Amino acid sequence: MINFASANAYVSMPMGALAHCATKGGVLAMTRQLAMEGAKHHIRANTISPALIVTKHTKRGSITSPASRTGAEVIMLDRWARPKI
């Protein structure tokens with residue numbers, strides 16, 4: 001089983017993102033518990049937690065904000081992800 005959470009399951013955001021961070025943290029905790037309970041049935045559970053993905057929706061100011069630039073500095077590639085369409 002593979003679930004998608006977010007880097008925000010680990011870090012908070014300076015702008016209003018309470019629901020997003022809470023739900024992604026819940027997905028992470030749920031996956032940990034699924035992995036524990038599923039182990040005896042040979043069921044594995046993992047979570048992928050990507051950072052910000054640049055899309056037409058996330059471009060609306062969040063990418064150019066100071067908080068966003070600070071976040072990009074801790075990413076090993078020093079840039080946000082961009083989908084190939």
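Just so we're clear, the structure is a prediction, and the values are computed from it rather than from any experiment. Along the sequence shown, residues are numbered consecutively beginning with 1.
- With rounding to the nearest 0.5 angstrom, the OG1 atom of Thr23 is 11.0 Å from the CE atom of Met30.
- Thr47 contributes atom OG1, which lies 8.0 Å from atom CZ of Arg32 (distance to the nearest 0.5 angstrom).
- Smallest separation of non-hydrogen atoms from Leu28 and Ala5: N-CB, 4.5 Å.
- Remark: Ile48 engages Ile2, Phe4, Pro50 in a side-chain contact (heavy atoms from CB on, under 4.5 Å) (not counting sequence neighbours).
- Considering CD of Glu37 and CD1 of Ile43, their distance stands at 10.5 Å, rounded to 0.5 Å.
- Taking every heavy atom of both residues into account, Ser6 and His20 meet most closely at OG-NE2, 3.5 Å.
- Partners of Asn46 under the side-chain hydrogen bond (donor to acceptor under 3.5 Å, both in side chains) rule, at least two apart in sequence or in another chain, do not exist in this structure.
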